[in-house]
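A quick write-up on the structure given underneath.
What you see is a predicted model; the values in this text were computed from it and never measured. Residue indices begin at 1 and follow the sequence shown.
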Amino acid sequence: MKNKKIVILLASATLVFNGMSAYANGDISTTQNQYVEKNESIAVNIELNPYIELYKKEKEQTLAQHNFVNRDELVDPLEEEKVILQTLDSYFKQDIKVAEILHKILNQEVYEKTISLEKEDKIEIMHLIEESYSIADSEEQQILMGYLTRYSRSSGDERAENFKDRLTTAAKSDPEFQLLAAYNSAAAGNWAYNNYNKYSTNYPAFTAWGSDCTNFVSQAMHVGGGKPMSGNWSAYKKNSTYLVPKNATELNYSWTFSDPSPWISVEQFSKYWIPKSTVYSYSKDNYEKNHKSIYLGSIAKGDVVILSKGVAGWITTPTHLMIISDLDGLNRDFKLAGHSNERQAYPLLSAIKAYDYIEILKIS
């Protein structure tokens, strides 16, 4: 009963400041102290969130075992830490919603297993999602699909992964997806290579606040690759007052984004584009051992690389986004362009050393 009370407290909490969430589920971040200033219950939620508790414990153990000195960071570690905490907070809140949906449909108490960090429990919940999916309404289905997207591939459960893939295939037949069909991946990769250190005034530059990695990849896809804006994946300029916004107020004054936005949030980008893409997933060990054979496959310039940190040995949190800008035939590796920090042709074999898992999206 005690656990259930905690769950209800977490499910009811909201994160709002400056009149909006400031894209708190992705790159555009605030600090934990700012959360507390606006809502003291958030501090309680962060402490009680088992996903965050385990992440912090594993991080302390890793730091105690290794001495990270002069590592060539792809992104500011403090910003990446914010993204991880916000993503895990989002995962937990979304998983609570999944438990509520399944309880309503199946009349079963599934809270503990839904938020469990054990792989077997997550797999059991994904099987229940398969059984319940057709009964859920469209909004509930999106929430259930999010659970599958978060956990099916890294769980290694064939049944859950096949079900998610069937749903993904069906989504690709939707009219919205058909409108998104045009994408010149080679041109997107070339644009990223040539503009890795440039900042267009047609889009905000997140160099003073948050991280610019997802914003840069979105521009490469749209400006370079000709991918039309659609739905929440969009960015519109109101005025030139704040080309480099330093907070949510300045961002809102000069720019229009959805909230949260897949254009500028790595978590939301993943949720938006993974169902619309062919996805190649590799653990760090898998890619390092098999990169030569992987290189000979269908992955190409302009494909998008999601780099993720791990929790509990299998749950992944996307924290950084880059795009393939060149190919390394000699070493049979892919070279990546990205922002935060600026890279033009950074080897994936080097990039992956700081991460646990990657997903490479071949966007149609």
Side-chain angles (χ1 to χ4, degrees), residues 26-27 74-75 168 172 176-206 211-237 257-258 261-282 294-295 297-308 318-329 333-348 350-352 358-364:
D27 295 5
L74 290 174
V75 65
T168 299
K172 290 180 179 179
E176 179 186 358
F177 180 80
Q178 299 302 321
L179 291 173
L180 292 173
Y183 180 57
N184 187 330
S185 62
N190 290 334
W191 185 94
Y193 185 92
N194 294 323
N195 292 275
Y196 79 98
N197 60 351
K198 300 175 183 176
Y199 295 83
S200 169
T201 57
N202 292 322
Y203 303 92
F206 295 104
S211 172
D212 200 56
C213 68
T214 309
N215 182 42
F216 173 76
V217 170
S218 292
Q219 289 178 57
M221 292 170 55
H222 176 62
V223 181
K227 197 69 174 173
M229 293 183 187
S230 181
N232 291 336
W233 189 69
S234 59
Y236 299 104
K237 183 178 182 179
F257 291 97
S258 64
S261 169
W263 188 279
I264 56 178
S265 159
V266 62
E267 183 196 357
Q268 297 301 319
F269 183 99
S270 302
K271 289 171 64 176
Y272 185 86
W273 283 110
I274 284 177
K276 301 174 175 65
S277 308
T278 300
V279 182
Y280 302 92
S281 305
Y282 307 101
I294 293 170
Y295 181 85
S298 59
I299 296 171
K301 184 186 294 186
D303 291 347
V304 174
V305 180
I306 303 171
L307 298 112
S308 299
T319 64
H320 192 44
L321 205 65
M322 302 184 79
I323 187 169
I324 297 176
S325 61
D326 203 359
L327 306 176
D328 182 356
D333 189 24
F334 304 100
K335 293 188 174 182
L336 310 177
H339 276 185
S340 306
N341 298 317
E342 295 169 357
R343 295 290 185 272
Q344 182 181 38
Y346 194 76
L348 179 51
S350 297
I352 202 172
I358 60 170
E359 292 170 293
I360 301 178
L361 276 54
K362 181 168 287 295
I363 297 170
S364 301

For [X], check ring-ring contact (aromatic ring centres under 6.0 Å, His included) against everything at least two apart and list the hits.
{"X": "Y236", "answer": "none"}
{"X": "Y282", "answer": "none"}
{"X": "F216", "answer": "W191, H339"}

With a 3.5 Å distance limit and no angle check, can you tell me whether [X] reaches the backbone of [Y] through a side-chain donor-acceptor pair?
{"X": "S325", "Y": "Y193", "value": "no"}
{"X": "Y183", "Y": "G302", "value": "yes"}
{"X": "S340", "Y": "V75", "value": "no"}

Looking at [X] and [Y], what are the two nearest heavy atoms and their distance?
{"X": "S270", "Y": "P275", "result": "O-CD, 4.1 Å"}
{"X": "P347", "Y": "D333", "result": "CB-OD2, 3.5 Å"}
{"X": "A351", "Y": "L74", "result": "CB-CD1, 3.6 Å"}
{"X": "F334", "Y": "L327", "result": "CD2-CD2, 3.6 Å"}
{"X": "Q219", "Y": "P204", "result": "NE2-O, 4.5 Å"}
{"X": "G189", "Y": "K301", "result": "CA-CG, 3.6 Å"}

Look up atom [atom1] in [X] and atom [atom2] in [Y], then write down how far apart they are to the nearest 0.5 Å.
{"X": "N197", "Y": "R343", "atom1": "CG", "atom2": "CZ", "result": "12.0 Å"}
{"X": "I352", "Y": "I358", "atom1": "CD1", "atom2": "CD1", "result": "4.0 Å"}
{"X": "H320", "Y": "S308", "atom1": "NE2", "atom2": "OG", "result": "11.5 Å"}
{"X": "D303", "Y": "S185", "atom1": "CG", "atom2": "OG", "result": "6.0 Å"}
{"X": "H222", "Y": "S234", "atom1": "NE2", "atom2": "OG", "result": "9.5 Å"}
{"X": "S258", "Y": "Q268", "atom1": "OG", "atom2": "CD", "result": "7.5 Å"}

Original post:
Can you find a heavy atom in the side chain of V305 that is under 4.5 Å from one in the side chain of I324?
Top reply: yes

Subject >> Residue from I323, L321, I306 passing side chain to side chain contact (heavy atoms under 4.5 Å, CB included) with L361 >> reply: I306

**OP:** On the 0 to 90° scale, with breaks at 30° and 60°, tag the Y203-W263 ring pair as parallel, tilted or perpendicular.
**Re:** parallel

Original post:
Relative to each other, are the rings of F257 and F206 parallel, tilted or perpendicular (30° and 60° limits)?
Top reply: tilted

Original post:
K237 and N202: side-chain donor and acceptor closer than 3.5 Å?
Top reply: no

